[in-house]
**Student:** 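One structure is given below, represented as structure tokens, and several questions about it will come after.
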Amino acid sequence: MAKFLVAVAATAASMVSASLGDPWMYTLTGACDAQNDVNGMTFVKQGNTLSGAPYYKALSAWRFLYYDPDCQSSQDGTPRWILDDQRPDVNKTRDLDGDGSCDYIGQLNSEDTSHPPATGEWTMLCDGVYEKQYLILLEGTSTTTTTAKASTSTTTSRKVGVVTAAGEFDDGYSTQTTNNTKNTKASLVLGGACAYKRTLNGLIFDVVSTAADGSPIYKARGVEEYIYHDADCDGAGSVTTARWVLDNSKPSSTATNDLDGDGKCTYHARLDSA
């Protein structure tokens, strides 16, 4: 069965702790196939419940993300973050959806009421069975962006003053202004890998170099995993479909094809793209 593999761009704000205040928006990835409709959903903060925890509603659907200290109202329930298709009652202290049971799309046990975890293993309803799914909640935007940081430096120098042939005095001062522009590409956070490749979920990929065709090469933080573009993955001309590749072999920044140099199209995953 096909899996929905996604790499979303991470802004600087999404990489820092939410201790500076409640995040106001999340984009969700990593749900199972049966709940594929929630992948890519953006949840926006609506307010706070009686416990003080923030709660969120999806922009595009009747889906909610909220904290419930006791989803069965049993007085001894396990507190948890919940993904649900029922709006929580902000005036209740427990069983916020009022159904008297712990039925929901997904949940993650937590004592932290300040915000849902950025990454974690949720229990999710998938084809009628609750399964473990590694979800990523990316704060802010999920749009890939490239920003430019520009600075201007001015250098002033002086030579010995002289009198020119025209009889004018040159004080020897000269000024040079230089514009310095640095391109910063957004990092990528990966989610949606199958159970066999679940260790890839949550990896953060940064741009480390540029391939011969000008495309960026990404490397995961702390491990040898890469995302790169390859025009011909076996280098023999038999595979002519260009593709983005997720691989554990370091790609060459000078080769024009078969960037990992294995003479084969072997990798974790790929996405055809010219």
Side-chain angles (χ1 to χ4, degrees), residues 1-8 14 18 22-23 25-46 49-58 60-90 92-139 142 189-204:
M1 183 176 293
K3 293 293 293 182
F4 184 84
L5 187 66
V6 61
V8 289
S14 67
D22 296 338
M25 184 174 75
Y26 286 106
T27 299
L28 185 150
T29 66
C32 58
D33 290 343
Q35 300 289 355
N36 187 46
D37 63 317
V38 300
N39 281 315
M41 276 190 184
T42 297
F43 291 78
V44 177
K45 183 179 176 181
Q46 305 294 298
T49 61
L50 199 60
S51 69
Y55 77 100
Y56 303 81
K57 181 189 178 298
S60 58
W62 194 254
R63 299 288 186 273
F64 297 90
L65 185 63
Y66 61 91
Y67 187 84
D68 198 329
D70 181 0
C71 56
Q72 281 187 312
S73 194
S74 61
Q75 306 297 323
D76 61 353
T78 301
R80 59 196 61 182
W81 283 96
I82 290 175
L83 177 62
D84 202 356
D85 59 3
Q86 299 185 62
R87 179 187 288 273
D89 187 336
V90 299
K92 297 185 66 174
T93 57
R94 56 180 61 91
D95 187 21
L96 271 63
D97 64 358
D99 64 358
S101 62
C102 295
D103 292 328
Y104 32 66
I105 298 170
Q107 66 89 11
L108 183 143
N109 295 344
S110 175
E111 298 285 345
D112 186 359
T113 64
S114 63
H115 56 85
T119 60
E121 192 172 65
W122 289 61
T123 300
M124 178 165 276
L125 185 63
C126 302
D127 289 325
V129 179
Y130 282 103
E131 299 178 353
K132 297 294 184 181
Q133 291 291 131
Y134 195 95
L135 299 188
I136 296 171
L137 293 170
L138 186 66
E139 181 187 341
S142 64
V189 181
L190 189 143
C194 62
Y196 183 68
K197 297 287 186 180
R198 67 190 311 165
T199 56
L200 298 172
N201 285 318
L203 290 182
I204 300 172

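Computed from a predicted model, the values in this text were never measured in an experiment.
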**Student:** For a quick test of reading the model, state the closest non-hydrogen atom pair linking Gly30 to Asn39 and the distance between them.
**Tutor:**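 That would be N-OD1, 2.9 Å.
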**Student:** What heavy-atom pair brings Leu28 and Ala31 nearest, and what distance separates the two atoms?
**Tutor:**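 What the structure gives for the nearest pair is CD2-CB, 4.4 Å.
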**Student:** Given side chains that start at C-beta, do those of Ile136 and Thr119 come closer than 4.5 Å, heavy atoms only?
**Tutor:**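 Touching, per the 4.5 Å side-chain cut-off.
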**Student:** Could you point out which residue of Asp84, Asp89, Thr49 forms a side-chain hydrogen bond (donor to acceptor under 3.5 Å, both in side chains) with Tyr66?
**Tutor:**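 Per the side-chain hydrogen bond (donor to acceptor under 3.5 Å, both in side chains) rule, the option paired with Tyr66 is Asp84, out of Asp84, Asp89, Thr49.
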**Student:** If only atom types and distance count, is the side chain of Asp95 paired as donor or acceptor with the main-chain N or O of Gly100 below 3.5 Å?
**Tutor:**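 Checking the backbone N and O of Gly100 against the side chain of Asp95, a donor-acceptor pair under 3.5 Å is found.
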**Student:** Before you tell me yes or no, could you show the steps for Ser110 and Asp112 under side chain to side chain donor-acceptor pair (under 3.5 Å), namely the whole-Å CA-CA distance, both residues' side-chain angles and the distance that decides it to 0.1 Å?
**Tutor:** CA-CA 5 Å; Ser110 175; Asp112 186 359; 5.4 Å; no
**Student:** Answer yes or no: is there a side-chain heavy-atom contact under 4.5 Å between Gln35 and Leu83?
**Tutor:**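 They are not in contact (no side-chain heavy atoms under 4.5 Å apart), so the answer is no.
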**Student:** Let's go through Thr42 and Thr27 carefully: what are the C-alpha distance in whole Å and the side-chain angles of both, what is the deciding distance for side-chain contact (heavy atoms from CB on, under 4.5 Å) to 0.1 Å, and is it a yes or a no?
**Tutor:** CA-CA 4 Å; Thr42 297; Thr27 299; 3.3 Å; yes
**Student:** Can you tell me how far apart CH2 (Trp62) and NZ (Lys57) are? Round to the nearest 0.5 Å.
**Tutor:**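 Trp62 atom CH2 to Lys57 atom NZ measures 6.0 Å (nearest 0.5 Å).
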**Student:** Measuring only between side-chain heavy atoms, which start at C-beta, is Phe43 closer than 4.5 Å to Leu137?
**Tutor:**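 Contact flag for Phe43/Leu137 side chains = no.
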**Student:** How close do Gly98 and Lys92 get, counting heavy atoms only, and between which atoms?
**Tutor:**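 Result for this residue pair: CA-NZ, 3.6 Å.
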**Student:** Between His115 and Tyr26, is any pair of side-chain heavy atoms under 4.5 Å apart?
**Tutor:**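 Yes, close enough: below the 4.5 Å cut-off.
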**Student:** In Å, rounded to the nearest 0.5 Å, how long is the span from CG of Asp99 to CD of Gln86?
**Tutor:**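 Atom-to-atom, Asp99:CG and Gln86:CD are 5.5 Å apart.
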**Student:** Where is the tightest heavy-atom contact between Trp81 and Pro116, given as atom of each residue plus distance?
**Tutor:**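 Result for this residue pair: CZ2-N, 3.4 Å.
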**Student:** Restricting to non-hydrogen atoms, name the atom on Ala58 and the atom on Met41 that form the minimum distance, rounded to 0.1 Å.
**Tutor:**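 What the structure gives for the nearest pair is CB-SD, 3.9 Å.
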**Student:** Drop me the distance from Leu96's CG to Leu50's CG, to the nearest 0.5 angstrom.
**Tutor:**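 Result: 8.5 Å between the selected atoms.
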**Student:** Is Val44 close to Gln46 at the side-chain level, that is, under 4.5 Å between some pair of heavy atoms?
**Tutor:**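 The answer is yes, as the side chains (C-beta and beyond) meet within the 4.5 Å cut-off.
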**Student:** Can you give me the closest heavy-atom contact between Trp122 and Leu65, atom names plus distance?
**Tutor:**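 Closest pair (atom of Trp122, atom of Leu65, distance): CH2-CD1, 3.7 Å.
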**Student:** Nearest 0.5 Å, please: how far is CZ in Arg80 from OG1 in Thr123?
**Tutor:**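 That separation rounds to 8.0 Å.
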**Student:** How far does CD of Gln107 sit from OH of Tyr130, to the nearest 0.5 angstrom?
**Tutor:**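 Atom-to-atom, Gln107:CD and Tyr130:OH are 8.5 Å apart.
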**Student:** CD of Glu111 to OH of Tyr67: how many Å apart, nearest 0.5 Å?
**Tutor:**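 Answer for the CD-OH pair, Glu111 versus Tyr67, is 5.5 Å.
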